[in-house]
K.L.:
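What follows is a single structure, and I will ask about it in a moment.
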Amino acid sequence: MAKLSIKDLDLKDKTVFIRVDFNVPLGNGGKEITSDKRIRASLPTIQYAIEHCAAVVLGSHLGRPNGKPNPEMSLAPVAARLTELLGKPVTMAPDSVGPELAALKPKPGEVLLLENLRFHPEEEANDPEFSKQLASLADIYVNDAFGTAHRAHASTVGMVSYFPLAASGLLMTRELEWLGKVTSNPERPCVALLGGAKVSDKMEVIQNLIGTVDKLLIGGAMAYTFIRAQGQETGKSLVEAEKVNLARQLLSTAAGKIVLPVDHVVVREIKPGAPSEVVTNIGPDQIGVDIGPKTIEEYARIIRGSKTVIWNGPMGIFEMPPFDIGTVALAKAVAESGAVSVVGGGDSEKAIKVAGVSDAITHISTGGGASLEFLGGTELPGVAALTDKSAAVV
Ligand code: AMP
């Protein structure tokens with residue numbers, strides 16, 4: 001269901017609350033931002049609101065302060081960085097609610113950044129009174145924080161009910177459009193490439209996507225649970241014993257769709273520089289750490305022949321080269337395929353950077369957990385709370 005967008009609203013002289021995801025990594029005791037990627041991701045929405053003469057109130061969480069103020073998780077460094085990026089001053093509020101805010105109310109074209117919402121336990125508790133106080137700061141609600149949309153918190157769900165309309169920001173709109181397109185109406189052939197450590201994190205994704213995709217390629221440690229389900233030896237590789245039965249069921253119901261590695265890079269001990277070899281059958285003392293060359297070739301062939309690729313999770317312990325070879329090779333194959341490609345999860349994104357192919361990817365999701373839940377077919381509470389485009393009278 002398409003959601004109302006900030007572009008559908010008349011913002012002139014209104015105060016707009018934009019829930020952003022400024023949960024940036026900080027170093028030096030909370031004083032330095034080590035990556036401003038998340039701030040840049042919401043710049044278009046903030047700039048759009050400013051250009052359309054709105055007064056802007058920004059709300060975000062940062063880290064896990066456990067409901068208490070913590071100077072090491074203050075958003076103050078973000079206000080400074082945002083000031084540089086926007087080229088105009090951003091006022092830093094001392095708190096996200098309370099009497100001091102009345103004097104700081106922004107005028108059209110001005111930006112106020114609230115202090116970390118999670119300094120109050122009421123944010124994560126989705127508390128109605130806290131929600132009401134947040135809502136009292138603005139006339140219009142916009143959510144651009146896709147990365148937090150899978151959480152029902154005061155700023156993502158609770159406060160929304162105090163506004164007649166709730167719209168998605170430009171980043172949120174883009175996330176929903178691409179994730180929606182590849183999961184509901186993909187160009188075919190459509191391939192999903194799933195990897196990473198745990199099957200349990202991605203079982204719902206597999207179950208949900210299996211009906212949509214033409215092929216589901218499995219790599220990473222996840223593959224060993226499926227290989228065990230086929231009755232093959234997995235040695236000391238990571239296997240989730242309690243998921244073997246479910247894996248077996250999936251293999252029998254989705255015969256032909258699920259593709260598993262045919263060879264493996266194995267070691268006897270996981271450590272940098274560990275001697276490795278390529279095997280087709282894993283021995284009792286061996287640990288699988290990457291997909292092997294034949295698997296790379298086969299997966300790359302399928303990917304190159306596809307029109308849509310959905311990718312989440314690395315094919316091996318890619319943080320420890322050379323066990324990144326499979327992941328990087330497939331990142332290149334995705335780029336070369338020319339397919340519509342949607343990538344979720346920080347690890348796959350890193351692999352795409354290492355492979356130097358970021359520009360060839362259609363959409364890299366900003367929400368790891370949120371994109372996984374979306375791919376798993378769960379309606380995200382922060383998205384469900386937004387007004388449906390068809391229901392809106394603007
Ligand atoms: P996830 O968060 O589930 O996407 O998992 C990402 C993690 O999976 C990365 O840290 C990888 O090192 C890890 N991983 C991928 N393949 C393997 C493997 N064969 N054995 C152990 N860990 C793996």
Side-chain angles (χ1 to χ4, degrees), residues 25 147 150 192-209 216-229 232-244 246-247 259-296 299 309-331 334 342-355 364-376:
H150 57 317
L193 178 62
L194 295 180
K198 288 212 220 135
V199 184
S200 46
D201 289 350
K202 289 176 192 156
M203 232 3 149
E204 281 173 10
V205 177
I206 298 173
Q207 285 169 310
N208 189 46
L209 288 185
L216 203 150
L217 315 179
I218 297 186
M222 273 174 66
Y224 308 120
T225 302
F226 283 88
I227 290 171
R228 175 79 65 82
Q232 291 175 37
E233 173 73 75
T234 51
K236 293 186 177 156
S237 311
L238 201 62
V239 168
E240 281 176 273
E242 69 285 6
K243 296 291 170 197
V244 170
L246 192 50
V259 186
L260 296 173
V262 290
D263 60 351
H264 317 271
V265 176
V266 295
V267 295
R268 282 173 196 278
E269 196 185 350
I270 298 177
K271 62 171 190 190
S276 63
E277 58 183 302
V278 174
V279 297
T280 42
N281 297 304
I282 301 172
D285 290 331
Q286 294 175 329
I287 312 166
V289 288
D290 196 6
I291 53 173
K294 285 210 179 88
T295 307
I296 294 178
Y299 284 16
V309 181
I310 303 167
W311 182 12
N312 192 299
M315 296 292 107
I317 307 184
F318 83 109
E319 307 91 324
M320 208 183 277
F323 311 134
D324 61 344
I325 289 176
T327 307
V328 172
L330 293 190
V334 174
V342 173
V343 176
D347 289 333
S348 323
E349 189 186 340
K350 271 184 218 143
I352 280 164
K353 283 229 176 79
V354 173
I364 301 177
S365 178
T366 53
S371 69
L372 261 193
E373 290 204 18
F374 191 105
L375 294 176

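As the structure is a computational prediction, the values presented were derived from the model and not from experiment. One-based numbering, in listed order, for ligands and for the atoms of each.
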K.L.:
Give a yes or no answer on whether the side chain of Asp290 reaches the backbone of Val265 with a donor-acceptor pair at less than 3.5 Å.
P.N.:
no
K.L.:
Enter the distance from Leu372:CG to Asn208:CG here, rounded to the nearest 0.5 Å.
P.N.:
11.5 Å
K.L.:
Out of the candidates Val259, Val244, Val199, Thr234, only one should pair with Phe226 under the side-chain contact (heavy atoms from CB on, under 4.5 Å) rule; please name it.
P.N.:
Val199
K.L.:
Note the single closest protein heavy atom to atom 14 (N) of ligand 1, along with its residue, its atom name and the distance in Å.
P.N.:
Gly316 O, 3.8 Å
K.L.:
Any pair with a residue in residues 317-327 that passes side chain to side chain donor-acceptor pair (under 3.5 Å), sequence neighbours left out, goes on the list, sorted by first then second residue, please.
P.N.:
none
K.L.:
Could you work out, with side chain to side chain contact (heavy atoms under 4.5 Å, CB included) as the rule, every residue matching Gln286, not counting sequence neighbours?
P.N.:
Val266, Arg268, Glu277, Val279, Ile282
K.L.:
Nearest protein heavy-atom contact for atom 6 (C) of ligand 1: which residue, which atom, what distance?
P.N.:
Asp347 OD2, 3.0 Å
K.L.:
For atom 22 (N) of ligand 1, grab the closest protein heavy atom and report residue, atom and distance to one decimal in Å.
P.N.:
Ile317 CG1, 3.7 Å
K.L.:
Could you tell me whether Gln207 atom CD has more than 12 heavy atoms of other residues or ligands within 6.0 Å of it?
P.N.:
yes
K.L.:
Quick one: look up the protein heavy atom nearest atom 18 (C) of ligand 1 and list residue, atom name and how far away it is.
P.N.:
Ala221 CB, 3.5 Å
K.L.:
Is ligand 1 under 4.0 Å from a heavy atom in the side chain of Val289, in the backbone, in both, or in neither?
P.N.:
backbone
K.L.:
Just to confirm my output: which protein heavy-atom neighbour is closest to atom 10 (O) of ligand 1, and how far is it?
P.N.:
Glu319 OE2, 2.4 Å
K.L.:
Got an N/O contact under 3.5 Å between Ala197 and ligand 1?
P.N.:
yes
K.L.:
Below 4.0 angstrom from a heavy atom of Tyr224, which ligand 1 atoms are there? Numbered from 1 as shown, please.
P.N.:
19 (N)
K.L.:
Enumerate the atoms of ligand 1 whose separation from the nearest heavy atom of Gly288 is less than 4.0 angstrom.
P.N.:
18 (C), 19 (N), 20 (N)
K.L.:
Would you mind running through ligand 1 and noting each atom that sits below 4.0 Å from a heavy atom of Lys202?
P.N.:
1 (P), 3 (O), 4 (O)
K.L.:
Nearest 0.5 Å, what's the OG-CD1 distance between Ser348 and Ile310?
P.N.:
12.5 Å
